[in-house]
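Taking it in order: structure first as structure tokens, then the write-up.
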Amino acid sequence: MYEIKINQTAHPKAKPTDESKLGFGRIFSDHMLLIDYQEGLGWHDARVMPYGPLALDPACSVLHYGQEIFEGAKCYRTESGFNLFRIRDNFERMNRSAERMGMAQMPIELYMESLRALLALDKEWTPRQAGTSLYIRPTMIATEPFLGVSAAQNYLYYVILSPSGAYYAGGLAPVAIFVEDQLVRAVRGGVGFAKTGGNYAASILASARAKHEGYAQVMWLDGVEQRYVEEVGSMNMMFVYEGKKIVTPALNGSILQGITRDSVMKLAAHLGYEVEERRLAIDEVLADARGGKLTEAFGTGTAAVVSPVNLIAYKGDKVAIGDGNIGKVTQQLYDMLTGIQTGIVADPFGWITHV
């Protein structure tokens with residue numbers, strides 16, 4: 001057991017009343033969790049306190065050299081209470097990100113106990129409407145006030161909570177994506193597999209350009225040959241062949257090891273689909289789509305769960321996927337996975353933690 005101090009707010013905020021207008025990441029609950037780290041002392045001073053600004057020295061290394069990592073998870077309201085989905089996997093991945101970024105790792109049980117303490121106060125911020133959730137954002141930043149390029153000796157871990165609306169308020173509509181053939185997001189040996197802010201910052205320019213041209217997301221190719229499919233936006237990518245087989249790019253050191261990706265793969269195999277991880281060239285993908293072998297495509301991630309794709313644009317060519325609607329396999333996987341998360345469907349994998 002860890003000591004976690006509780007400082008409950010004396011001025012609770014009004015919770016949103018119209019859950020159709022929640023959006024994503026703009027509304028925050030009453031409290032936040034903070035834990036400090038100091039070299040030689042370890043993790044200490046765990047506390048839940050009223051949500052508010054952080055006080056940081058202008059010389060903090062996170063502000064200069066980007067020593068920062070984060071995670072994304074969700075709490076779901078069910079008929080009998082509240083569910084967390086594969087939360088230990090999130091924290092295990094956070095430790096892998098910390099290792100790659102030269103940052104302090106944290107015991108999994110401290111992650112878990114401190115999150116439970118925060119949710120004990122704020123889980124009622126979890127919205128009720130179908131498709132909504134309480135988004136959980138654990139973050140770790142380097143706080144040592146030092147301008148040298150080296151691993152910091154001080155870190156702050158904190159967690160904030162955000163009630164989030166249904167990702168698909170108007171239904172699970174497929175989107176068109178643009179294949180980026182100039183800029184690259186990450187390379188093997190870099191930090192592409194870690195959830196660190198720099199990965200996402202590197203994607204912003206291409207995403208803005210794609211959206212200006214009318215595309216919802218950017219499909220990233222490998223950073224060496226710019227030939228092999230890696231991620232789409234901030235999601236992993238899946239391709240369905242003839243309604244029977246699901247192919248996804250193999251993890252190679254520059255692709256994020258997505259928890260939703262892994263969940264979809266395990267669930268698909270459980271449902272009887274063949275699942276394959278391998279290198280997948282963009283030319284092969286487009287040829288298979290034109291020939292009718294590739295019948296569905298979708299991204300996977302925490303926010304959307306799955307995001308169906310009905311068109312891929314590459315070097316001036318636009319190739320349709322399937323009949324333009326969400327595919328049968330994509331819909332089945334979405335329904336099953338969200339059903340497990342919200343307690344509607346039985347969990348055969350032990351993925352759910354009740355809070």
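Numbers for residues simply follow the sequence, beginning at 1. None of the values given here were measured: they were computed from a predicted structure.
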Is the shortest distance from a Lys or Arg side-chain nitrogen in [X] or [Y] to a carboxylate oxygen in the other one below 4.0 Å?
{"X": "Glu277", "Y": "Arg261", "answer": "yes"}
{"X": "Lys266", "Y": "Asp262", "answer": "yes"}
{"X": "Glu276", "Y": "Arg278", "answer": "yes"}
{"X": "Arg47", "Y": "Asp45", "answer": "yes"}
{"X": "Asp181", "Y": "Lys315", "answer": "yes"}
{"X": "Arg88", "Y": "Glu109", "answer": "yes"}
{"X": "Lys293", "Y": "Glu242", "answer": "no"}

Heavy-atom check, side chain of Tyr273 versus side chain of Val329, under 4.5 Å: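 Yes, at least one pair of side-chain atoms sits under 4.5 Å.
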
With a 4.5 Å heavy-atom cut-off, do Glu79 and Ile344 have their side chains touching?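 The answer is no; the side chains never approach within 4.5 Å.
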
Selection residues 2-19 - residue pairs positive for side chain to side chain donor-acceptor pair (under 3.5 Å), sequence neighbours left out: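 The answer is Asp18-Ser20.
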
Would you call the rings of Tyr215 and Phe178 parallel, tilted or perpendicular, taking 30° and 60° as the class edges?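 Ring orientation of Tyr215 relative to Phe178: tilted.
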
Evaluate the ring planes of Tyr111 and Phe91, with Trp represented by its six-membered ring, and classify them as parallel (under 30°), tilted (30 to 60°) or perpendicular (over 60°).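 Taking Phe91 first and then Tyr111, their aromatic rings lie parallel (interplane angle under 30°).
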
Centroid separation [X] to [Y] less than 6.0 Å:
{"X": "Phe24", "Y": "Tyr135", "result": "yes"}
{"X": "Phe70", "Y": "Tyr200", "result": "yes"}
{"X": "Phe298", "Y": "Phe239", "result": "no"}
{"X": "Phe349", "Y": "His270", "result": "yes"}

Those residues that, when tested against Arg77, pass salt bridge (charged side-chain N to carboxylate O under 4.0 Å, His left out) (two or more places apart):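 By the salt bridge (charged side-chain N to carboxylate O under 4.0 Å, His left out) rule, Arg77 matches Glu124.
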
Test Tyr314 against Glu180 for side-chain hydrogen bond (donor to acceptor under 3.5 Å, both in side chains), laying out the working first. CA-CA 8 Å; Tyr314 179 56; Glu180 177 58 56; over 6 Å; no

Minimum heavy-atom distance between [X] and [Y], given as atom pair plus value:
{"X": "Met235", "Y": "Thr300", "result": "CB-O, 3.1 Å"}
{"X": "Pro127", "Y": "Ser164", "result": "CG-O, 3.9 Å"}
{"X": "Thr260", "Y": "Thr302", "result": "OG1-N, 3.5 Å"}
{"X": "Pro174", "Y": "Gly324", "result": "CG-O, 3.6 Å"}
{"X": "Pro163", "Y": "Leu134", "result": "N-CD1, 3.6 Å"}
{"X": "Met140", "Y": "Met94", "result": "N-CE, 3.8 Å"}

Please say whether more than 12 non-hydrogen atoms of neighbouring residues, nucleotides or ligands are located less than 6.0 Å from CZ in Arg188.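 12 or below, so no.
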
Run the side-chain hydrogen bond (donor to acceptor under 3.5 Å, both in side chains) check on Asp122 and His31 step by step: do they pass? CA-CA 7 Å; Asp122 281 6; His31 299 89; 2.9 Å; yes

Determine whether Gln341 and Thr78 satisfy the following criterion, side-chain contact (heavy atoms from CB on, under 4.5 Å), listing intermediate values before the conclusion. CA-CA 9 Å; Gln341 291 170 337; Thr78 71; over 6 Å; no

Could you walk me through whether Ile352 and Arg86 pass the side-chain contact (heavy atoms from CB on, under 4.5 Å) check? CA-CA 6 Å; Ile352 296 301; Arg86 297 191 67 172; over 6 Å; no

Given Asn83 and Cys75, is the side-chain contact (heavy atoms from CB on, under 4.5 Å) satisfied, shown in steps? CA-CA 6 Å; Asn83 283 351; Cys75 179; over 6 Å; no

In the hydrophobic clustering that connects Ile, Leu, Val, Met, Phe, Trp and Tyr at side-chain heavy-atom distances below 4.5 Å, which members other than Trp220 occupy its cluster, ordered by chain and number?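 Leu183, Leu205, Val218, all in the cluster of Trp220.
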
